[in-house]
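Here the structure is laid out as structure tokens; the discussion comes afterwards.
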Amino acid sequence: MKENKKIYIETYGCQMNFSDSEIVASILTESGYKFTDEIISADIIFVNTCSIREHAEERVRKRLQYFKSLRKKNPDLVIGLLGCMADRTKVALMEEEHLLDLVAGPDAYRHLPELLDKVGSGQPAIDTILSFDETYADITPVRLDSNGVSAFISIMRGCENYCSYCVVPSTRGRERSRDAETIVNETRDLYQKGYREVTLLGQNVNSYKWQTAGETIDFAHLLEKIALSNPLMRIRFATSHPKDISDELLNTIARYPNLCKSIHLPVQSGSNHMLELMNRKYSREEYLERIHVIRQILPGCAISTDIIAGFCDETEEDHRQTLSLMNLVGYDAAFMFKYSERPQTLAADTLPDNVPDETKDLRLREIIDLQQKLSLSSNQKEIGKTVEILIEGVSKRSVNQYFGRTSQNKVAVFTKTTSLPGEYVHVKITGTTSATLLGEIIDFRE
Ligand code: 5AD
Ligand code: SF4
């Protein structure tokens, strides 16, 4: 029976969620299911969901209505909800709105084969229990939507920072690190399959820790092990928390050319009052001190960030502080959001969501406009330089062009030559937009 069942999986949210979908694909392929890219031919539809902002949840609800409409043609269609929305919405979506046959939280994916069996037998198929130790360390992900060059690897799960706005500690549970040896082995295996770039994922990779009989491996140590075992593999990571990005880590990144010179360091706000209400555990001054040290140890390193506009009690002056910090740092890139109150967070329980929506919109607009200028000026600094690019594939705009990334995570497009995706080339940068560098290949390296 199972051998003929086809699963379609749609993923929302962060890279961690995309990585989880690859774990789901691995578990279900092992137990005999097939995966399809065509929703129409699927027997089972899974949606791997995100709760970070209300908007993300609304999109999923709309998709579920559409999936439900497909039951008219295929009454046996099974619809399952995975990921961060699972625990929060199971009662409403499953019992009240009858949109779902199965619900599985982020730590329940090993049980998916049994849960699918339950759907067939009419029993409730729900598992949203969070675990203290699940890391899926032994599971080799099935790469979905892969370009064959870059891949994500989860190195830890959960989060215990309790930023007051953030739903993640409640949706993904306690922080736990994955066995270092399995991570190093996964990168080696990817290298052998032709991959040349991995991004190590965790909510706060700086607090990675793995204890073996003989040693304690922290994040800097893990990076070093991976860098040494695959010198031609580029290594990136996300996300770092500013409170614990150490000098030791920065020095490690400086030592190895394949550790990419790009750091994502979410600041969230430039105002000390906001940072305190957000429970970020650093001040504006401490954050700027870390930036100063990054610039000293890693000259030319790109720095990107996340910013929230219109958090609780945010005044115009708080907002100005964010703009001024952005100018001081001169971010190369940023992800910018307006504050969205989430249930079961410290902010929802204790702080008023009192910045009017129009004000949030205006402030976000100002932040985005400023970042566009900063990104353009950061890219303009690259013009005239010769940079090493890892070719990722053919550009969406033109079949005669390749695109790839610099170590600083800047995207560049350039005319195709005999080089292939997965190869490193030297490209002279000749022009730029705020998003993309333009260049010409001048040689290639094997
Ligand atoms: N509202 C808006 N943005 C949020 N983020 C996290 N929680 C919220 C929220 N409730 C943003 C933060 C975080 C990024 C992943 O999403 O900037 O770093
Ligand atoms: Fe990722 Fe957070 Fe969204 Fe969960 S809620 S998918 S951890 S961004």
Side-chain angles (χ1 to χ4, degrees), residues 9-24 46-60 81-89 104-107 109 128 130 152 154 156-175 199 201-206 238-243 263-270 274-275 277-280 282 287 304-312 314 322 326 331 333-351 353 355 357 360-361 363-364 367-368 371:
I9 185 162
E10 198 165 283
T11 308
Y12 293 85
C14 61
Q15 294 165 341
M16 183 73 102
N17 240 25
F18 283 81
S19 164
D20 278 3
S21 289
E22 299 186 330
I23 287 166
V24 168
F46 281 142
V47 53
N48 194 356
T49 60
C50 172
S51 291
I52 199 105
R53 282 168 288 275
E54 204 178 345
H55 177 66
E57 290 198 358
E58 279 161 10
R59 275 171 68 200
V60 166
L81 184 138
L82 315 177
C84 291
M85 276 171 72
D87 193 46
R88 297 183 6 73
T89 56
D107 289 341
Y109 299 148
T128 58
L130 290 170
F152 296 122
S154 289
M156 52 197 301
R157 300 181 71 82
C159 182
E160 282 168 38
N161 283 318
Y162 294 101
C163 301
S164 62
Y165 50 80
C166 189
V167 78
V168 175
S170 102
T171 63
R172 287 191 167 262
R174 301 294 291 269
E175 183 179 291
T199 304
L201 297 176
Q203 304 299 340
N204 177 17
V205 290
N206 306 119
T239 292
S240 298
H241 195 299
K243 76 177 161 53
I263 294 181
H264 186 62
L265 204 62
V267 67
Q268 314 299 0
S269 169
M274 289 299 103
L275 290 172
L277 292 184
M278 288 174 166
N279 194 28
R280 290 291 286 174
Y282 56 83
Y287 183 89
S304 56
T305 200
D306 292 345
I307 296 174
I308 298 177
F311 187 60
C312 312
E314 188 185 69
T322 297
M326 290 171 71
Y331 288 112
F335 297 98
M336 299 151 284
F337 314 100
K338 65 178 177 173
Y339 174 56
S340 162
E341 186 180 84
R342 308 309 294 133
Q344 289 168 20
T345 57
L346 211 65
D349 292 344
T350 61
L351 298 168
D353 181 11
V355 176
D357 209 43
K360 286 183 186 173
D361 281 333
R363 289 181 187 166
L364 180 62
I367 289 170
I368 292 172
Q371 185 53 46

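Hydrogens, waters and symmetry mates play no part in the numbers below; they use all other heavy atoms, side chains included. All ligand and atom numbering here is 1-based and tracks the order in the structure.
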Residues Arg342, Glu57; criterion salt bridge (Lys or Arg N to Asp or Glu O under 4.0 Å); working and verdict: CA-CA 11 Å; Arg342 308 309 294 133; Glu57 290 198 358; 3.0 Å; yes
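- Summarising the geometry of Ser51 relative to Arg88, their closest heavy-atom pair is OG-NE, 3.8 Å, with the distance given to 0.1 Å.
- Residue Arg342 approaches ligand 1 through these ligand atoms, each under 4.0 Å from one of its heavy atoms: 10 (N).
- Of all protein heavy atoms, the one lying nearest to atom 7 (N) of ligand 1 is Tyr165 CD1, 3.3 Å.
- The side chain of Phe337, and not its backbone, has at least one atom closer than 4.0 Å to an atom of ligand 1 (non-hydrogen atoms only; side chain from C-beta on).
- Assignment of Glu341 to the shell around ligand 1 is not supported, since no heavy atom sits closer than 4.0 Å.
- Between the side chain of Asn161 and the backbone N or O of Arg280 there is no donor-acceptor pair closer than 3.5 Å.
- The ligand atoms of ligand 2 that sit less than 4.0 angstrom from a heavy atom of Cys84 are 4 (Fe), 5 (S), 6 (S), 7 (S).
- The closest protein non-hydrogen atom to atom 14 (C) of ligand 1 is Asp306 OD2, 3.5 Å.
- When only modelled atom types and interatomic distance are considered, Glu314 and Tyr339 share no side-chain donor-acceptor pair under 3.5 Å.
- Residue Ile52 touches ligand 1 through backbone and side chain together, judged by heavy-atom distances below 4.0 Å.
- The distance from atom 4 (Fe) of ligand 2 to the nearest N/O/S atom of Cys50 is not under 2.8 Å.
- Lys360 and Lys338 get closest at one heavy-atom pair: CB-CD, 4.0 Å.
- Heavy atoms only, all atoms of each residue included: Val47 and Tyr12 are closest at CG2-CE1, 3.6 Å.
- Listed by number with element, the atoms of ligand 2 under 4.0 Å from a non-hydrogen atom of Arg172 are 4 (Fe), 7 (S).
- Within the listing of ligand 2, atoms 3 (Fe), 5 (S) sit less than 4.0 angstrom from a heavy atom of Ser51.
- Close approach of ligand 1 to Ser340 is summarised as follows: ligand atoms under 4.0 Å from at least one heavy atom of the residue are 1 (N), 2 (C), 9 (C), 10 (N).
- Environment of CZ in Phe335: sparse, with no more than 12 heavy atoms of neighbouring residues, nucleotides or ligands closer than 6.0 Å.
- Atom CG of Leu351 sits about 5.5 Å away from atom CZ of Phe311, to the nearest 0.5 Å.
- Atom 5 (N) of ligand 1 has its nearest heavy-atom neighbour, among Arg53, Lys360, His241, in Arg53.
- The nearest heavy-atom contact from the protein to atom 2 (C) of ligand 1 is Lys338 O, 3.4 Å.
- Looking at heavy atoms from C-beta onward, Met278 lies in side-chain contact with Ser269 at the 4.5 angstrom threshold.
- Nearest heavy atoms, Ala56 versus Cys50: CB-O, 3.7 Å.
- The distance from ligand 2 to the heavy atoms of Val168 drops below 4.0 Å at these ligand atoms: 2 (Fe), 7 (S).
- Near Gln203, the atoms of ligand 2 lying under 4.0 angstrom from a non-hydrogen atom of the residue are 7 (S).
- The protein non-hydrogen atom at the shortest distance from atom 1 (Fe) of ligand 2 is Cys14 SG, 2.3 Å.
- Phe337 carries Arg53 over the face of its six-membered ring, with the cationic atom under 6.0 Å from the centre and within 45° of the normal.
- Close N/O approach between Tyr339 and ligand 1 is not found [any backbone or side-chain N/O within under 3.5 Å].
- Applying the salt bridge (charged side-chain N to carboxylate O under 4.0 Å, His left out) test between Arg172 and each of Asp107, Asp20, Asp87 identifies Asp20 as the sole match.
- Those atoms of ligand 1 with a heavy atom of Gln268 less than 4.0 angstrom away are 12 (C), 13 (C), 17 (O), 18 (O).
- Distances shorter than 4.0 angstrom do not occur between any heavy atom of Gly83 and any atom of ligand 2.
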